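In what follows, a single structure is set out as structure tokens and then discussed.
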Amino acid sequence: MEKNIQAIRGMHDVLPSQTRHWQYLEACVREVLGRYGYQEVRMPIVEFTELFKRSIGEVTDIVEKEMYTFEDRNGDRLTLRPEGTAGCVRAVLEHGLLHNQTQRLWYQGPMFRHERPQKGRYRQFQQIGVETFGMAGPDIDAELIFITARLWKALGIDGLELQLNSLGTAEERAAYRQELVAYFGCHHDALDEDSRRRLHSNPLRILDTKNPDMAELVAGAPVLADLLGEGSRRHFEQLQTLLKAAGVRFVFNPRLVRGLDYYSLTVFEWVTDRLGAQGTVCAGGRYDSLVAQLGGRSTPAVGFAMGVERLIALLEADGRLPETARADIYLVQRGEAARREALVLAERVRDALPQLRVLAHCGNGAFKAQFKRADHSGARIALVLGEDELARGEIGIKHLRNKLPQEAVAVDCLVGRLAEIFDKS
RNA sequence: GUGGGUAUAGCUCAGUCGGUAGAGCCCCGGAUUGUGAUUCCGGUCGUCGUGGGUUCGAGUCCCAUUACCCACCCCA
């Protein structure tokens, strides 16, 4: 038997009842970022596989088993982007946007990771990313965090916790990594299966284990903060001072590690406990070595990304989202001549009153049913054009949301009368 | 990749011990001619996820499979 075609696992349609929510969120983001002077960039969804391998890191889960990679018709290895930073860096390098200048950029779009879907985690998911280039100080780190805090406020999201950590420079982190591997290597027998694997892939992750049997071992592990050099330490302290000065609350989380290889110094996450296991709603950090790593002149950079589905889930849980837009006017008609006239009339109303949403009934349908639809559309008034009205050169205005009696106005006066009605609200 | 749960109408869900498939919502029609949301009456809608098996008989029991959900892993 033939199977119905359905959406790819982990990839979802956004239906009309939800698009309104997305648009609201996007408008909010656009507005806030605009106020900080950030500019939107749009990159391709597909890049050379090599780009992601070189930026995200060969031994990360993303590169090893989560990428949608395929061969192009001419034999190129291509990958559906699993995150946005790599492509953004590639784009600014390719177009010389880092030549003697700083950049504050943002983008939005789908990312793809072949993971097992669950709440808040999908194979195609939407991210809004923000990246800045050419600024090395903690002030730009703080600015990014201010942006996020302002965004939560604008959206009405509260209850998020900001977690903060410093990973040090690439050298410091490498040194720390070695110490960790040495330490856990000595206690190899005490490691659980996951941690043994992490020992090679991402030893910093071991610190974040959820296994209580490992708690003691982890507690005795060397601490990254002890290995930070003077520069890293000052950067981190200054950032904290800036956050405090601006009244942005945060929690120092020494176990906060990012999964991608390119991070250094500042890393942060906004988390919630209301979304199940996928509690990170926004995360980012500094990646001062990535630009050089991808062939550019060494350029400091810092950025973050938000998971749009997760933010929407939060907003929906709080009932913070606007209703789907309703119609303002529904035009019902009856009779052949009226049907033709109705469409023309609707056009005229749209010409004169562009802010109104005008639905004209199309096709057949009992008069009664048309009113039913008018009601259902949410329209405040129904315009009635039947044989009688047509003969008299009039149009009926029926108020659907209050007790006002139905009016009849000359067709020429309709626009003026409608303007009056909708002006009052 | 690993584990657990679920699958019945467009939606939300009942369905007893194995005995002919149900409700609410939605949609459509009607309640004196051309007027909605309330009320009343009537109506449409199902490969009971899919494929096998047990049985006189399976939505129900068994096996397999697929999809979805949740968690692990990982991450936004």
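The model shown is predicted, which means the values in this text are computed figures rather than measured ones. Below, read A as the first sequence line, B as the second, and so on, with proteins coming before strands; counting in each chain starts at 1.
In this structure the side chain of Phe250(A) reaches within 4.5 angstrom of the side chain of Gln240(A), judged on heavy atoms. For the pair Leu383(A)/Lys398(A), no side-chain contact is recorded, criterion being any heavy-atom separation below 4.5 Å from C-beta on. Here the side chains of Asp158(A) and Trp152(A) are not in contact, with every heavy-atom distance at 4.5 Å or above.
Base engagement by Arg113(A) is indicated by at least one non-hydrogen atom pair under 4.0 Å involving a base atom. At the heavy-atom level, His12(A) lies under 4.0 Å from the strands shown only through sugar-phosphate atoms. Lys119(A) comes within contact range of the sugar-phosphate backbone alone, with a heavy-atom separation under 4.0 Å but no base atom that close. Nucleic acid contact for Gly120(A): base, since at least one base atom lies under 4.0 Å from a heavy atom of the residue. Contacts of Glu66(A) with the nucleic acid, taken as non-hydrogen atoms under 4.0 Å apart, involve only primed sugar atoms and P, OP1 or OP2. Among the heavy atoms of the strands lying under 4.0 Å from Arg197(A) are primed sugar atoms or P, OP1, OP2 only; no base atom is included. Counting non-hydrogen atoms under 4.0 angstrom, Gly84(A) reaches nothing in the nucleic acid. Residue Ala374(A) is classed as having no contact, given no heavy-atom separation below 4.0 Å to the nucleic acid.
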Should Gln127(A) and Tyr107(A) be marked as a side chain to side chain donor-acceptor pair (under 3.5 Å) after you check the CA-CA gap, both sets of side-chain angles, and the distance that decides it? CA-CA 8 Å; Gln127(A) 275 190 351; Tyr107(A) 53 82; 5.3 Å; no
I'd like to know whether Thr148(A) forms a side-chain contact (heavy atoms from CB on, under 4.5 Å) with Leu144(A), so could you lay out the CA-CA distance, the side-chain angles of the two residues, the decisive distance to 0.1 Å, and finally the verdict. CA-CA 7 Å; Thr148(A) 54; Leu144(A) 289 177; over 6 Å; no
Reading nucleotides 38-45 of chain B 5' to 3', which nucleotides get B (base under 4.0 Å from a protein heavy atom), which S (sugar-phosphate only), which -? --------
Under 4.0 Å protein heavy-atom contact, by nucleotide of nucleotides 29-34 of chain B - B base, S sugar-phosphate only: S----B
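If you check distances only, the side chain of Arg310(A) does reach the base of rC75(B) with a donor-acceptor pair under 3.5 Å. Contact of Arg121(A) with rC74(B) (side chain to base): a donor-acceptor pair of N or O atoms is detected under 3.5 Å.
Going from the P atom of rG15(B) to that of rG29(B) covers 34 Å, rounded to whole Å. If you take atom C1' in rC17(B) and the same atom in rG57(B), they sit 15 Å apart, rounded to whole Å. Comparing the P positions of rC62(B) and rG19(B) gives a spacing of 15 Å, expressed to the nearest Å. When the C1' atom is used for both rC75(B) and rA67(B), the distance is 24 Å, rounded to whole Å. Across the C1' atoms, rU16(B) and rG59(B) are found 13 Å apart, a figure rounded to whole Å. Taking atom C1' in both rC61(B) and rG43(B), one finds a spacing of 37 Å when rounded to whole Å. To the nearest whole angstrom, the two P atoms, one in rC28(B) and one in rU65(B), are 44 Å apart. Going from the C1' atom of rU44(B) to that of rG10(B) covers 12 Å, rounded to whole Å.
No cation-pi contact links Arg286(A) to Tyr263(A), judged by a cut-off of 6.0 Å to the six-membered ring centre and 45° from its axis.
Side chain of Arg90(A) to backbone of Leu51(A): no donor-acceptor contact under 3.5 angstrom is found.
Among rC74(B), rU2(B), rG36(B), the nucleotide with an atom closest to any side-chain atom of Arg198(A) is rC74(B). Listed nucleotides rC74(B), rG3(B), rA76(B) differ in distance to Gln127(A); the shortest reach to its side chain belongs to rA76(B).
Using bins of under 30°, 30° to 60° and over 60° for the plane-to-plane angle, the ring pair Phe252(A)/Phe236(A) lands in the tilted bin. The aromatic rings of Tyr330(A) and His361(A) sit tilted relative to each other, their planes meeting at an angle between 30° and 60°.
In this structure, Phe184(A) has its ring center at least 6.0 angstrom away from the ring center of His188(A).
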If you write RNA chain B from 5' to 3' in dot-bracket form, with Watson-Crick or G-U pairs under 3.5 Å, [ ] for crossing pairs and | for pairs with another strand, what do you get? (((((((..((((.....[..)))).(((((.......))))).....(((((..]....))))))))))))....
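Note on Arg123(A): every side-chain N or O is 4.0 Å or more away from OP1 and OP2 of rC74(B).
Rounded to whole angstrom, the span from the CD atom of Gln370(A) across to the C1' atom of rU35(B) amounts to 10 Å.
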